[in-house]
A.B. asks: 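Questions regarding the structure given below will be posed in turn.
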Protein chains: 2
Amino acid sequence: MGIKKKEVLERLIQFVKDQQLKRGDKLPPERELSVLLNVSRTTLREGLRMLEARGILISRRGSGIYLNRGADVFDSQPGAVPTDEDTVIKDHLEARFLIIPNIAACAAERADENEIKELQDCIVRLSRAIVSRELNALAESEADFFRLLAIMTKNHKLVGIVEQLNSGIEIFWDYFIKSDEFVNNVIFAGYVEVVNAIKRRDVTSASELVKRNIINFCEGLSRIKNIPCRDLFGLKKN
Amino acid sequence: MGIKKKEVLERLIQFVKDQQLKRGDKLPPERELSVLLNVSRTTLREGLRMLEARGILISRRGSGIYLNRGADVFDSQPGAVPTDEDTVIKDHLEARFLIIPNIAACAAERADENEIKELQDCIVRLSRAIVSRELNALAESEADFFRLLAIMTKNHKLVGIVEQLNSGIEIFWDYFIKSDEFVNNVIFAGYVEVVNAIKRRDVTSASELVKRNIINFCEGLSRIKNIPCRDLFGLKKN
DNA sequence: TAGTGGTCTAGACCACGCC
DNA sequence: GCGTGGTCTAGACCACTAG
């Protein structure tokens with residue numbers, strides 16, 4: 001991310017705090033804000049769009065920009081938008097756990113032969129990346145795996161959501177790649193099982209195996225980092 | 001959406017088809033593409049970013065832009081990116097059904113008193129919008145409802161995902177608003193029940209009630225439009 | 001009609017990848 | 001070093017909303 005872009009976010013948050021703006025309050029017009037924050041309007045809008053994607057702002061054409069529910073992050077969180085690494089990783093794993101199993105189940109129901117073939121190719125790439133310890137290839141093929149599951153559902157919205165889930169997750173592979181052989185193999189084996197479940201059209205297994213896999217993942221990570229994984233899985237029955 | 005932006009998407013898709021580009025193939029550089037498609041680079045990049053968000057493209061800094069898995073949409077779908085209204089609505093409802101129940105369960109576990117108060121206020125706004133038949137207020141407060149659920153989970157990733165889910169859904173309220181009093185009341189009552197479940201910290205009920213609510217919603221809509229709702233709910237047990 | 005956000009342009013420099 | 005995508009600028013016009 002650019003230097004300016006980050007600065008814009010910080011200054012924007014600082015501005016909201018300084019002005020004691022509350023939910024529903026209106027921000028100054030974009031042209032004015034860009035002068036106040038000392039950036040071009042385009043750059044400002046990049047930042048605004050980012051906050052809009054988090055539900056913090058809402059833009060109304062012809063009217064103005066308003067603070068939204070969710071603006072309270074400014075109070076509780078010091079940095080608000082970029083949080084510490086551990087939190088990002090924890091949030092990501094939890095989001096996976098809550099969302100991917102259902103997508104996998106749906107994929108098992110609707111996948112066609114070509115798509116299953118794709119998924120198998122994806123696993124091959126994944127395994128190559130694991131044995132050769134190639135970070136980028138690993139992150140990419142794993143993202144692909146989830147992307148393919150979403151595509152299998154034939155639901156465009158889900159594709160977009162998985163893409164959002166996949167974004168900004170490069171960090172945690174740094175830790176994973178350092179992990180021991182065992183965890184890698186367990187996790188990889190897990191992916192293979194998921195594909196097999198989908199091949200059999202076994203909806204329930206597909207969902208459960210994905211869950212199991214994410215839990216393995218989490219346990220592997222918690223052995224290296226101090227991420228409390230325990231409280232993530234109280235919702236297992238849902 | 002702007003005229004140019006739509007044109008860019010169309011021309012981009014046409015370009016990929018004409019050149020017979022397949023997965024993994026590299027697109028021309030941005031500066032070149034912007035000339036080919038006769039738009040500025042900024043505008044082009046808006047379009048590229050949109051396709052990237054759908055997992056169709058992938059940009060590699062210093063290297064190039066590549067077609068990704070998921071590019072097959074060009075084959076199956078005529079328009080590829082913007083599909084017909086019915087499909088958009090169906091996809092949206094299904095995505096809700098697969099994702100929101102788990103988020104509601106998680107919210108029931110973690111919500112604090114202030115947030116529950118917020119949710120109640122939100123319902124009040126929702127009910128006002130329903131009785132007065134204000135389309136925008138209705139869409140907005142319903143989006144808020146889901147947004148608040150995500151915020152309650154204290155998981156930033158989920159907030160982003162719900163925001164993605166909420167986006168681009170203005171259309172289907174057009175239909176809803178024409179619906180009969182009964183459906184409206186049933187749906188509204190459903191929201192109230194969800195809030196009560198969260199208040200009681202009843203994780204299971206929160207999840208189930210949300211599901212029930214989405215099903216009601218779908219049935220209400222299918223009475224007006226010809227949306228096949230039946231096949232959406234084969235995954236109920238997961 | 002005035003003011004707002006939305007889109008678009010042409011051009012500049014930066015940071016990374018690859019040779 | 002060179003080409004690529006990433007960021008940033010300043011300024012223009014369009015489309016919508018509100019008074």
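Throughout, protein chains are lettered first and strands after them, A, B, ... in sequence-line order, and every chain is numbered starting at 1. Fair warning: this is a prediction, and the values are worked out from it, not measured in the lab.
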A.B. asks: CD1 of Ile58(A) versus P of dC16(D): gap in Å, rounded?
C.D. replies: 18 Å
A.B. asks: What nitrogen or oxygen pairs link the protein and nucleotides 10-12 of chain C at under 3.5 Å?
C.D. replies:
| from | atom 1 | to | atom 2 | distance (Å) |
| --- | --- | --- | --- | --- |
| dA10(C) | N6 | Thr42(B) | OG1 | 3.1 |
| dA12(C) | N6 | Arg41(B) | NH1 | 3.4 |

A.B. asks: Round to the nearest Å and state the distance from Glu32(A) atom CD to dA2(C) atom C1'.
C.D. replies: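 Rounded to the whole Å, the gap is 15 Å.
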A.B. asks: With sequence neighbours excluded, tell me which residues meet salt bridge (charged side-chain N to carboxylate O under 4.0 Å, His left out) with Asp25(B).
C.D. replies: none
A.B. asks: Atom CG of Asn38(A) and atom P of dT7(D): how far apart are they, to the nearest Å?
C.D. replies: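 Atom CG in Asn38(A) sits about 19 Å away from atom P in dT7(D).
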A.B. asks: Mind calculating the distance between CD1 (Ile65(B)) and C1' (dG17(C)) to the nearest angstrom?
C.D. replies: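 After rounding, the gap between these two atoms is 15 Å.
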A.B. asks: Residues in salt bridge (charged side-chain N to carboxylate O under 4.0 Å, His left out) with Arg128(B), at least two apart?
C.D. replies: none
A.B. asks: Distance check needed: dC19(C) P versus Arg60(B) CZ, whole Å only.
C.D. replies: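 Rounding to the nearest Å, CZ of Arg60(B) and P of dC19(C) are 13 Å apart.
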A.B. asks: Just how far, in rounded Å, is P of dG5(C) from CD of Glu46(A)?
C.D. replies: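 Atom CD in Glu46(A) sits about 17 Å away from atom P in dG5(C).
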A.B. asks: Relative to the ring of Phe145(A), is the ring of Tyr191(A) parallel (under 30°), tilted (30 to 60°) or perpendicular (over 60°)?
C.D. replies: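 Judged by the thresholds at 30° and 60°, the geometry between Tyr191(A) and Phe145(A) is perpendicular.
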A.B. asks: Represent DNA chain D in dot-bracket notation, 5' to 3'. Only Watson-Crick or G-U wobble pairs with both distances under 3.5 Å count; pseudoknot-style crossings use [ ] and interstrand partners use |.
C.D. replies: ||||||||||||||||||.
A.B. asks: Taking only residues two or more places apart in sequence or in another chain, which ones pass salt bridge (charged side-chain N to carboxylate O under 4.0 Å, His left out) with Glu115(B)?
C.D. replies: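 By the salt bridge (charged side-chain N to carboxylate O under 4.0 Å, His left out) rule, Glu115(B) matches Lys154(B).
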A.B. asks: Roughly how many Å is it from CZ in Arg61(A) to C1' in dT4(C), rounded to a whole number?
C.D. replies: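 In whole Å, dT4(C) C1' and Arg61(A) CZ are 10 Å from each other.
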A.B. asks: Could you list the residues that satisfy side chain to side chain contact (heavy atoms under 4.5 Å, CB included) with Val192(A), not counting sequence neighbours?
C.D. replies: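 Listed in chain order: Ile123(A), Phe188(A), Asn196(A).
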A.B. asks: Taking the nucleotide of DNA chain D with the closest heavy atom to each, which residue, Gly62(B) or Glu52(B), is nearer the 5' end?
C.D. replies: Gly62(B)
A.B. asks: By salt bridge (charged side-chain N to carboxylate O under 4.0 Å, His left out), which residues pair with Glu163(A), not counting sequence neighbours?
C.D. replies: Arg147(A)
A.B. asks: Just by distance, with hydrogens left out, do Asn114(B) and Glu118(B) show a side-chain donor and acceptor under 3.5 Å apart?
C.D. replies: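 Glu118(B) and Asn114(B) do not have a side-chain donor-acceptor pair below 3.5 Å.
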A.B. asks: As a test of reading the structure: which of dT4(C), dT7(C), dG6(D) is closest to the side chain of Arg45(A), going by heavy atoms?
C.D. replies: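 The nucleotide sitting nearest to the side chain is dT7(C).
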A.B. asks: Which nucleotide, dT9(D), dG6(C), dT9(C), lies nearest any side-chain atom of Thr43(B)?
C.D. replies: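 Of the options given, the side chain of Thr43(B) lies nearest dT9(C).
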A.B. asks: Which residues satisfy the side chain to side chain donor-acceptor pair (under 3.5 Å) test with Lys117(A), sequence neighbours excluded?
C.D. replies: Asp121(A)
A.B. asks: Rounded to whole Å, please give me the gap between CG in Leu44(B) and P in dC8(C).
C.D. replies: 12 Å
A.B. asks: Could you tell me which residues satisfy side chain to side chain donor-acceptor pair (under 3.5 Å) with Glu32(A), sequence neighbours excluded, listed by chain and number?
C.D. replies: none
